[in-house]
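Here's the structure, in C-alpha cells; my notes come after.
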Amino acid sequence: MAASPKLPPFDPADPLGIDDLLEVEDLAVRDTVRAWAADRVVPHVARWYEDGELPQIRELARELGAIGALGMSLSGYGCAGASAVQYGLACLELEAADSGIRSLVSVQGSLAMYAIHRFGSEEQKLRWLPRMAAGDAIGCFGLTEPDHGSDPAAMRTYAKRDGTDWVLDGRKMWITNGSVAAVAVVWAQTEGGIRGFVVPTDTPGFSAPEIKHKWSLRASVTSELVLDGVRLPGDAVLPGVTGLRGPLSCLSHARYGIVWGAMGAARSCFETAVEYATSREQFGRPIGGFQLTQAKLADMAVELHKGILLAHHLGRRMDAGRLRPEQVSFGKLNNVREAIEICRTARTILGANGISLEYPVMRHATNLESVLTYEGTVEMHQLVLGKALTGLDAFR
C-alpha cells in the first residue's frame, strides 16, 4: 500500500494555503509593496492619522510610481501592465498599512488614470498617463456632489458650449487627492448627456479646498472641487464615452481594488489580535488560552480568508475578461462588511488598548466606516444584487 503523501505544516498566516494559487510574479509584487509599506508608511501612519494629514503625499506618490503601483493594471504609457490579481495583492498590502494610502493609489490608477486610459484621446493619454504613472502628477475623480452621492444621474455640475470651448460650473464633494491633484477628471451634465472632462487644476475658476474635521481616512487628502466658470478647450472632453456608463465603469474597477484592500485592514487587525492574545495575561495565563477568545479568533480567521479567496476568484475572472459589475458588488458588500466586524472583534480582544493609536485596530475600524460608504453604500450594492437575483429594479 502506497504511503500517504506528507502534508505541509499548518500555516496560521495562510490556513487555507491560498499562496499556492499565486505565481512567482504575484508573490514578487506582493512582497515589494509589503516591504515599501512597512518601511514608508507603517512607522509614521499613526502620527499622520492623529494629526489629520498626509504630509509627504507627493513624495509618496513618486515612490509608489517607482515601484509600479500607480495605474499598475493598465498597459502602455509607462504603466506596469500587471494582472488584476497582482493589482489586488498590492491593494491588500497598502490597506494593511492604511486605507488612506490605498485610496491614494486607487483614485489615481483605477479612477483618474483608468478614465483617461479607457475613454481619453491619444493626446490626453500621452499628456497625462506617463506623468501619473510615475507619480509626478496626481489625479482626482470628480463625480459625487454635495446633494448627489448614490444618484449621480441627478448631478448638477453642468458643462455648456461657448463657441468651441466648454464652460463648467458646479461642485463635487468628498474627492480624494483633490487639493494636491494636477488633473481632475470631472463628470458633468451636457445637452448631449453626461460627459467626462480632463481638467488641469491650474485652470482659472477651479479650486479644491481641503475638507477638515474628518474622523475617518485622516491620513488622506479629501477635498471639495469648486468649478466656477472653468473654461476648457473643446478637446478637454473624454471622447470615448457618453452617459453614466463612463463613470460607473471606472467605479467598478476601483471597487474591485476595495474587495482586496478591505482584507488588508482586516488582516492587520487579526494579526494584532493574535499577537496580543498570546502575550496578554489575565487570571494567570494568556487570554488566547481561553475558549471565548479562541472562538473569536477562529471566526475572524474564517471570514478573513474567505474574503481573500473571494477577492482572488474575482481577480481571476477579471483577468479572464469575465468579471461582471454585479460580482464586484458581491465582493465589495461582503468584504468591507466582514472587515469591519473583524476590526470590531479585534478591538474587544485588545480591551481598552484597542482604542489606542499604539495599535492599528481603531484606526482601521474608523477608516473602514468610510470605505463602507464610498464607491457604493451597503444599500446600493444590496439593491444591485437584489435586481440581479430577481430581475426587479428596486432603486426607485
Side-chain angles (χ1 to χ4, degrees), residues 99-100 102-104 106-108 110-112 114-115 139-159 168-179 181 184-190 193-197 199 207-218 220-227 241 243-259 261-262 325-326 328-337 339-340 366-387 393-396:
S99 298
R102 198 269 308 148
S103 294
L104 162 64
S106 179
V107 169
Q108 177 87 344
S110 290
L111 292 178
Y114 182 84
C140 65
F141 186 85
L143 179 63
T144 296
E145 296 189 354
D147 297 320
H148 300 285
S150 295
D151 185 16
M155 71 175 69
R156 294 176 183 170
T157 298
Y158 197 87
L168 275 65
D169 287 282
R171 295 168 62 202
K172 302 293 182 179
M173 196 69 172
W174 303 114
I175 308 303
T176 297
N177 301 345
S179 303
V185 174
V186 176
W187 300 90
Q189 300 277 9
T190 74
I194 291 173
R195 301 298 301 269
F197 295 85
V199 184
S207 60
E210 188 170 354
I211 296 172
K212 299 293 188 178
H213 310 299
K214 300 179 299 178
W215 287 112
S216 179
L217 289 181
R218 290 177 57 78
S220 177
V221 174
T222 309
S223 312
E224 179 184 9
L225 304 186
V226 179
L227 301 110
V241 70
L244 275 179
R245 179 176 66 87
L248 293 183
S249 65
C250 300
L251 287 173
S252 185
H253 197 266
R255 289 164 180 159
Y256 164 76
I258 291 172
V259 175
E326 298 91 343
V328 178
S329 288
F330 195 114
K332 205 260 186 182
L333 175 64
N334 179 81
N335 281 16
V336 180
R337 195 160 57 182
I340 288 179
T366 56
N367 281 340
L368 284 171
E369 292 292 343
S370 290
V371 180
L372 188 70
T373 294
Y374 70 35
E375 297 181 29
T377 64
V378 166
E379 293 82 2
M380 296 306 293
H381 289 296
Q382 287 173 324
L383 293 180
V384 167
L385 291 175
K387 180 180 178 180
D393 188 342
F395 285 93
R396 298 183 186 278

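By convention here, the first residue in the shown sequence is residue 1.
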Gap between atom CD of Glu379 and atom CG of Leu333 - 0.5 Å precision: 9.5 Å

Heavy-atom pair with the smallest gap, counting every atom of Val185 and Ala115: CG1-CB, 4.0 Å

Heavy-atom side-chain proximity of Val384 to Pro325 below 4.5 angstrom: no

Side chain to side chain contact (heavy atoms under 4.5 Å, CB included) partner of Met173, chosen from Thr222, Leu225, Ile211, Asp147: Ile211

Any residue meeting side chain to side chain contact (heavy atoms under 4.5 Å, CB included) with Leu104, in chain and number order, not counting sequence neighbours: Ile57, Leu64, Asn177

Residues Thr176 and Tyr374: side-chain donor-acceptor under 3.5 angstrom: no

Side-chain donor/acceptor of Asn367 to backbone N/O of Ser216, under 3.5 Å: no

Residues in side chain to side chain contact (heavy atoms under 4.5 Å, CB included) contact with Asp151, at least two apart in sequence or another chain: Ala153, Ala154, Arg396

Val378 backbone acceptor or donor facing Lys332 side chain under 3.5 Å: no

Rounded distance [0.5 Å steps], NE2 in His381 versus CZ in Arg337: 11.0 Å

Student check: side-chain heavy atoms of Pro247 and Phe141 closer than 4.5 Å: yes

Interatomic spacing from NZ in Lys387 to OG in Ser329 - rounded to 0.5 Å: 11.5 Å

Evaluation steps, side-chain contact (heavy atoms from CB on, under 4.5 Å), between Phe330 and Leu385: CA-CA 7 Å; Phe330 195 114; Leu385 291 175; 4.2 Å; yes

Nearest heavy-atom neighbours spanning Gly100 and Ser220: CA-CB, 3.9 Å

Interatomic spacing from OG in Ser252 to CZ in Arg245 - rounded to 0.5 Å: 12.5 Å

Set of ring-ring contact (aromatic ring centres under 6.0 Å, His included) partners for Phe197, sequence neighbours left out: Trp166

Closest non-hydrogen atom pair, Ser179 against Ala208: OG-O, 2.7 Å

Nearest-0.5 Å distance that lies between atom OG in Ser99 and atom CG in Leu368: 5.0 Å

Closest heavy-atom pair and its distance - Leu111, Cys250: CD2-O, 3.5 Å

Rounded distance (nearest 0.5 Å) linking atom CG of Leu227 with atom CG of Asp169: 7.5 Å

Main-chain N/O of Gly139 paired with Gln108 side-chain donor or acceptor, under 3.5 Å: yes

Under 3.5 Å: donor-acceptor pair, side chain of Arg255, backbone of Glu375: yes

Ser110 side chain vs Val107 backbone, donor-acceptor pair below 3.5 Å: no

Close side-chain approach of Leu143 and Met155, heavy atoms under 4.5 Å: yes

Exam field: side chain Glu145 to backbone Thr157, donor-acceptor pair closer than 3.5 Å: yes

side-chain contact (heavy atoms from CB on, under 4.5 Å) evaluation trace for Val336 with Ile258: CA-CA 8 Å; Val336 180; Ile258 291 172; 3.6 Å; yes

Contact summary for Ala254 and Ser106, nearest pair of heavy atoms: CB-OG, 3.8 Å

Exercise: identify the closest heavy-atom pair between Gly331 and Val259: C-CG2, 3.5 Å

